[in-house]
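Note that these values count all heavy atoms, side chains included, but never hydrogens, waters or copies made by symmetry. Lettering follows sequence order; numbering is per chain, from 1.
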Amino acid sequence: MKPSPAGARAYWRAHLRLLGVLLAIWFFCSFGLGILLADWLDQFRLFGFKLGFWFSQQGSIYCFVLLIFYYVYAANRLDRRHGVDEDADPAITDTPEQ
Amino acid sequence: MEAQSLTFLFVGASFALYIGIAIYSRVGSTDEFYVAGGAVPPLANGMATAADWMSAASFISMAGLISFIGRDGAVYLMGWTGGYVLLALLLAPYLRKFGKYTVPDFVGDRYESDAARLVAVLCVIFISFTYVAGQMRGVGIVFSRFLEVDINHGVIIGMAIVFFYAVLGGMKGITYTQVAQYCVLIFAFMTPAIFISLMMTGNPVPQLGFGGTLLDAPDTYLLDRLDQLSTELGFAAYTEGRKSTFDVFCITAALMVGTAGLPHVIVRFFTVPKVRDARLSAGFALVFIALLYTTAPAVASFVRVNVIETMNETHYSAMPRWFKNWEDSGLIAWQDKNNDGRIQYRAGAALDGAKPIYSPGRGEHGQRLLENSPSENSNEVYMDRDIMVLANPEIARLPNWVIALVAAGGLAAALSTAAGLLLVISSAISHDLLKKVFMPGISDKQELRYARLAAAAAIGIAGLFGIYPPAFVAQVVAFAFGLAAASFFPAIFLGIFYSRMNRQGAIAGMLSGLVFTSGYIIYFKFVSPELSNPQHWWLGVSPEGIGAIGMLVNFAAALSVCHLTPPPSEQARQLVEKIRIPHGAGAAYHHQQNH
């Protein structure tokens, strides 16, 4: 079954909310901790690293990896909940669209 | 065995592997040639994307660059990885749902305009050639240094290999060779890194050893030692930045957005079967990239400590072989300013002029003589940044097979990226230019023939760039990212997320972003390079970071023009509705094939 226009709009709104939250975290981990707050963070230490230095050369990259995998998980779940995932109805997905 | 025969063995074996894969994955249709039939599993696509993305610059140059600029090297580390978050969240899944072959395809179809398609084709070709020139040169350098083959012959051998698998195998051949190339390059990068981390800090994980204490001084952290050495010699402390915060912000943003807008990376997400595979393979790609990108800054600091401690105040005659080898290759020079026969390594340029000019003959210690007049400061050493990774195993006195491995890895990195770029160029010409605009009547077989011809021609031109490197290559790399950030990213992003965006807005945005960004870069790189410093830059933004502002210019122009002109057609709106929803990706694909 094809999602109704209202259902499609609700799905897209929920999806945009997810993107907004994840991009805010993305910005905070890289531009925030790695650049804007880095000098302030340097007063703290993580072993031999100054904390701001660590975020800018290591930590931000780990955050990026975690963010994408969380997105994969959350977006696939969202697709299924709204019935718009690719396996929703194999009969339709395999026929050419008109 | 000698390092050189081992290198021949390793490089020869890896090339045989690539050719074997090419023969195994020949293609017979444009669908396979452009997007490998859309049947690449996500894990394989992740590896292929990582190899496609990590070029000679990532493998050979980046760690060396960071080791010279320290903290500020973070702009490359964050910029070239953070873009994958944008790609995974904002572009890849929807473009996969769109289900066609190229980036200009999307721009042309979404905005229903051949003019927009042509602007996109020109950007693709310009960005890709800029990039590919550096790769072929990288191939030549590795050949000449490690195999003592003439640089030009090295470039020709590289061209022949790429020709074989790109023309024969198209995207399918490229994908599976890239998977093999990723394995070769990551093994080659990690092995010496692990060795060196063990030798210096006793920790086998470079990412941890980087923050650990030194084996020879268990109370001192490696980074503290490095800060101390650097300031003693007159350099800035390694862990402190020198660029302005705003400039760092802009460069990072331009590189991130530029990465997400690079056509040869985007097109990799057209090759997986489903929307959720596109999401997942972006995640895998970033894991594989992050492995190298979190190791590179560790290598950078290890090498820096090693180089300073080995070189500074050492008598020339006591210097290890690598120093003289690279001096013979023209990438190291020593000028004994105070005539004490010892090497003084300090901050500042050692020579007048950008590069050393050697005169015939040797000095009293056996060093190559120079025609450059010495500079005012007391630094005596010129060192090309690019040698740090290649020389790393020699500097750390690692066994010969590690040196051979690094040579094979450098070649894998350069060849994999070159092949991906060449494919993007060939599909832009055969598909977007010929099939979609000038020769719509051609059959699939004819289109495939043109695609192969275009790939062959592109390889020829790339080879010429490698043999006669245009002097401007280093300067125009900023261009590639700036243009991708200021043109493609906003056009694609708005095409997906803003259904009101119309043709007029998109074209106005792309053109104003392009003109603004290229104008700024051309002014500071070519017209008045002597003015290129923070005092003269607009708001203190360097040409490397201007793409971020160019992107804002694009958004502003696109949105204002869009609201002054009629909304897009019902068809364009339906296309947007369709690509936002994963359901039915298979259908879009079949529709395409039935055309």
Side-chain angles (χ1 to χ4, degrees), chain A residues 2-3 5 8-9 11-12 15-16 18-19 22-23 25-27 29-31 34-36 38-39 42 45-50 52-58 60-65 67-73 75-76 79 82-90 92-98, chain B residues 66 71 73-75 77-79 81-82 84-86 88-90 93 207-208 210-213 220-224 239-241 245 248-249 252-253 256 274-276 279-280 282-283 285-287 289-290 293-294 297-298 300 497 577-578 580-588 590-591 593-594:
Chain A
K2 233 182 156 138
R9 268 198 302 280
Y11 163 74
W12 188 244
H15 191 216
L16 286 181
L18 173 66
L19 293 183
L22 294 181
L23 286 176
I25 300 174
W26 165 79
F27 184 87
C29 293
S30 49
F31 293 95
I35 297 176
L36 300 175
D39 287 339
D42 276 348
R45 281 260 182 168
L46 181 72
F47 303 101
F49 296 108
K50 293 174 183 169
F53 178 86
W54 183 78
F55 266 105
S56 70
Q57 297 210 344
Q58 298 273 305
S60 53
I61 303 177
Y62 301 131
C63 296
F64 299 151
V65 172
L67 275 172
I68 298 189
F69 279 101
Y70 180 75
Y71 170 72
V72 173
Y73 162 76
N76 289 344
D79 291 352
H82 287 259
V84 296
D85 59 304
E86 287 147 303
D87 303 329
D89 189 343
I92 285 189
T93 37
D94 282 338
T95 7
E97 232 171 55
Q98 295 314 311
Chain B
I66 297 170
R71 165 80 166 259
V75 297
L77 296 167
M78 284 192 284
T81 52
Y84 278 85
V85 177
L86 297 177
L89 270 57
L90 301 178
Q207 287 85 342
L208 301 178
F210 185 24
T213 52
T220 316
Y221 283 114
L222 176 109
L223 286 168
D224 291 336
T239 58
E240 276 162 33
T245 303
V248 168
F249 190 97
T252 308
M256 280 187 186
K274 292 182 175 214
V275 172
R276 63 163 182 263
R279 290 174 184 150
L280 187 60
L286 188 59
V287 170
I289 292 168
Y293 271 63
T294 53
F497 285 86
E577 299 291 313
K578 202 183 81 180
R580 285 178 176 180
I581 288 178
H583 183 81
H590 282 284
H591 180 61
Q593 274 195 321
N594 294 344

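Taking chain B as the reference chain and counting heavy-atom pairs below 4.5 Å, the highest number among Cys63(A), Cys29(A), Ser30(A) is found for Ser30(A). Looking only at heavy-atom pairs under 4.5 Å with chain B, the residue among Leu19(A), Leu22(A), Leu46(A), Leu23(A) that has the most is Leu19(A). Counting heavy-atom pairs under 4.5 Å between each of Phe55(A), Tyr71(A), Tyr62(A) and chain B puts Tyr71(A) at the top. Contacts with chain A were tallied for Ala300(B), Ala298(B), Pro297(B), Ala290(B); Pro297(B) has the most, counting heavy-atom pairs under 4.5 Å. For the set Thr213(B), Leu208(B), Val248(B), Val85(B), the entry with the most heavy-atom pairs within less than 4.5 Å of chain A is Val85(B).
Separating the CG atom in Asp79(A) from the CZ atom in Arg276(B) is a distance of 9.0 Å, to the nearest 0.5 Å. Atom CG in Leu36(A) sits 7.5 Å away from atom OG1 in Thr245(B) (nearest 0.5 Å). Taken from OH in Tyr11(A) to CD1 in Ile581(B), the straight-line distance is 7.0 Å, to the nearest 0.5 Å. Here Ile289(B) contributes atom CD1 and Ile61(A) contributes atom CD1; the two are 10.5 Å apart, rounded to the nearest 0.5 Å. To the nearest 0.5 Å, atom CG of residue Leu18(A) and atom CG of residue Leu89(B) are 7.0 Å apart. Atom OG1 in Thr239(B) sits 6.0 Å away from atom CZ in Phe53(A) (nearest 0.5 Å).
Of the atoms belonging to Asp39(A), heavy atoms from both backbone and side chain fall under 4.5 Å from chain B. Interface residue Ser60(A): only side-chain heavy atoms are found under 4.5 Å from chain B. Neither the backbone nor the side chain of Tyr73(A) comes within contact range of chain B; no heavy atoms are under 4.5 Å apart. With a threshold of 4.5 angstrom between heavy atoms, Leu286(B) approaches chain A through its backbone and through its side chain.
Residues meeting the side chain to side chain donor-acceptor pair (under 3.5 Å) test with Arg45(A), sequence neighbours left out: Asp224(B). Residues meeting the side chain to side chain donor-acceptor pair (under 3.5 Å) test with Thr294(B), sequence neighbours left out: Gln207(B).
Aromatic ring orientation, Phe249(B) versus Phe27(A): perpendicular (interplanar angle above 60°, classes split at 30° and 60°).
Taking the six-membered ring for Trp and the full ring otherwise, the centers of Phe49(A) and Phe210(B) sit less than 6.0 Å from each other. Residues Phe47(A) and Tyr221(B) keep their aromatic ring centres 6.0 Å or farther apart.
Residues Leu16(A) and Phe497(B) have side chains in contact (heavy-atom distance under 4.5 Å, counting atoms from C-beta outward). Contact annotation: the side chain of Leu86(B) approaches that of Trp26(A) to within less than 4.5 Å [non-hydrogen atoms, C-beta and beyond]. Between Phe69(A) and Val287(B), some side-chain heavy-atom pair lies under the 4.5 Å cut-off.
In this structure, Glu86(A) contributes its side chain and Val275(B) its backbone to a donor-acceptor pair below 3.5 Å.
For the residue pair Glu240(B) and Lys50(A), the shortest heavy atom distance occurs at OE2-NZ, 3.5 Å. Between Ser56(A) and Met78(B) the shortest heavy-atom distance is O-CG, 3.6 Å. Across every non-hydrogen atom of Arg71(B) and Ala38(A), the tightest pair is NH2-CB, 3.2 Å.
With respect to the salt-bridge test (charged N to carboxylate O, under 4.0 angstrom), the residues Asp85(A) and Lys274(B) do not qualify.
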